[in-house]
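Take a look at the structure below.
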Amino acid sequence: MTQTPMHARTSTDGPGLPELHRYLASLPVGERDQLTAQLATFSDADRRSLGVSEPQLVEYDYRVDDIDGTIPAELDGTLYRNGPGRWQDHSGRPLHHLFDGDGMLSAFTIADGAVHFKNRYVRTNHYLGKTGRYHLGTAAPGGMKANIGRLPPNLANTNVVEHAGRLYALWEGGPPTEIDPQTLDTVGIRRFGGELRWVGSYSAHPCFCPRTGEMFNFGVEFIPRAHLRIYRTDPAGRLKHFRSARLPYVAMVHDFALTQSHLVFVVSPIIPDALPIVLGRKPMGDAMRYRPERGSVFVLVPRDGGKIRTIEYDAVLMFHLSNAYDDDGDTVVDAITYDDGRLLQRLSRFHVAPLDDAPSTFMRFRITRTGRVHAEALSELPGEFPRHNEAFEGRHHRYAYLNTRHHLASFYDSITRLDLSDASAAIYTTPEAGNSFCEPVFAAKPGAAAEDDGWVLSVEYQARTHTSRLVILDAADIAAGPVATANLTHHIPQGFHGSFVPRPR
Ligand SMILES: [Fe+2]
């Protein structure tokens, strides 16, 4: 790709936000005035922080020479990250919804105390301009006729995971896109010999069993009625349909968790208004509603083939689960939950949407063997993107790492370790107002025995210089701040999820 960088800024006053202004200019006058007025209420730091949503149109490949601190010698592998790199279609038309952007992969390869950076867009049909102009949260121009019966394009923009030696860019509404782990070149859509049939929904949040080497995942399907179609991939990379589980209603299901004995689903009543979608009056993302009166269900799917249990419960609004484990016949699962459905509107108009009025809670749910559910709030810190040491996936664990928000309205300015044994928090907040972090990923020290023996890797957006940097923290001492940073010469947008893949030994 040969585009010129949107920004070659070295100033210290923050980004100029050209894409944000282009987006606002594309809106109908009433909506533009409303959002412009909202923007005027932002603090200087909050306004600067919006630079993280400016696009990165350049694809880089270079050794990072600007290092602060010492990269740990034992940290040896690649942090892959995925997220929208631009919120515009191939014609340059601005897009509304946070989930509408083309997937852009980043790779920070760490070896011998040095860091190499590379980013590359996934060459989806959408990126290449081969799909229509309908998006999850942006209608195609041309009214109802242009929008009736459309499905959103596979943007491969949500997560990037490795299994059985292959790397996949994931998007929950369709099959995975295989990526070359060295070059980040797009290999192509993978349907695993036709096992991912038709639409091929395959969530962006597979779970990996450290005991068996299996990868579990699911897709939501609606025909003949709403259900979870669950897949199991063996350690050699062979994917097979494993089970299916009925859903009580058509719902968005984004994530699940794994214990030693079960797959655990928490189904939120995020339900699309079918009629406006079917008639082409609204894109799918704008028609999603939180319907608490429909309640939630916990779906427990035994890994050994036993009977699936569905437990009805009060409505729980969540996107991301943390870890889960078996406890003397009970199932324990942690999640980030939201108080109400305002978040959905925020996502659909994310460019200037503050999240601080969509409070979240780190919750623990215990589903007893008799089918009762006990809920306990572990932390009221507003947070998202919970991760843990994946060697403890499905087992009783002590620590969760997540982003929390303390000063900013729209992005997460802190990395937090929750000690789940006593609900205490160790927090590192960026000292620079306007900076923000993406999801913290745990990287274990080779041969580690203790759960927190390793590092937490994140990417910090630095608003004043409109650049990003890899941040490496000691997982046992988060509050001490970074042990090292690798400073890029440009920014990368916020992004959603990623994985640390140790170098094969
Ligand atoms: Fe997610």
Side-chain angles (χ1 to χ4, degrees), residues 52-53 79-85 87 97-106 122 136-137 152 154-163 168-177 201-208 215-220 228 251-258 263-268 270 284-285 288 290 316-324 333-338 343-344 346-348 350 355 358 360 362-363 382-388 390 393 400-405 411-412 415 436-442 457-459 493-500:
V52 76
S53 297
L79 173 69
Y80 294 101
R81 295 209 47 81
N82 196 357
W87 286 270
H97 199 289
L98 181 64
F99 302 163
D100 274 346
D102 280 312
M104 188 189 82
L105 298 167
S106 299
V122 184
L136 179 77
N154 186 340
L155 299 169
N157 68 1
T158 316
N159 199 356
V160 51
V161 301
E162 188 264 356
H163 186 249
Y168 301 105
L170 301 176
W171 178 79
E172 69 187 35
T177 304
S201 298
Y202 192 74
S203 112
H205 286 288
C207 286
F208 302 86
M215 173 171 70
F216 290 93
N217 202 5
F218 72 99
V220 177
L228 303 164
M252 174 184 175
V253 183
H254 181 68
D255 195 4
F256 77 110
L258 189 70
L263 287 77
V264 183
F265 295 86
V266 184
V267 180
S268 294
I270 304 172
M284 212 174 282
M288 298 305 253
Y290 179 50
V316 174
L317 176 57
M318 57 125 257
F319 290 95
H320 293 126
L321 296 172
S322 180
N323 205 6
V333 61
D334 297 343
I336 303 280
T337 69
Y338 291 88
L343 182 67
L344 298 179
R346 301 289 183 265
L347 295 174
S348 68
F350 78 98
L355 296 174
S360 63
F362 194 101
M363 292 292 297
E384 250 301 352
F385 300 120
R387 298 294 296 257
H388 49 272
E390 289 180 2
E393 182 88 7
Y401 303 90
L402 71 160
N403 290 129
T404 55
R405 192 174 59 243
F411 296 99
Y412 298 100
I415 296 173
S436 60
F437 294 103
C438 69
E439 171 196 61
V441 174
F442 184 89
L457 310 180
S458 183
V459 179
Q494 161 83 11
F496 294 132
H497 300 291
S499 308
F500 180 75

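For ligands, and for the atoms within them, numbers begin at 1 and follow the listed sequence.
- Between Trp87 and Phe350, the ring planes lie tilted relative to each other; the angle falls in the 30° to 60° range.
- Here the side chains of Glu172 and Val220 are not in contact, with every heavy-atom distance at 4.5 Å or above.
- If you look at His497 and ask which of its N, O or S atoms sits nearest the Fe ion (ligand 1), the answer is NE2.
- Between His320 atom NE2 and His254 atom NE2, the angle centred on the Fe ion (ligand 1) amounts to 100° (nearest 10°).
- In this pair, Phe385 and His320 present their aromatic rings tilted. The plane angle is within the 30 to 60° band.
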* Would you sort out whether Asn157 and Val122 count as a side-chain contact (heavy atoms from CB on, under 4.5 Å), showing the intermediate values? => CA-CA 8 Å; Asn157 68 1; Val122 184; over 6 Å; no

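- Checked against the Fe ion (ligand 1), the N, O or S atom of His205 at the shortest distance is NE2.
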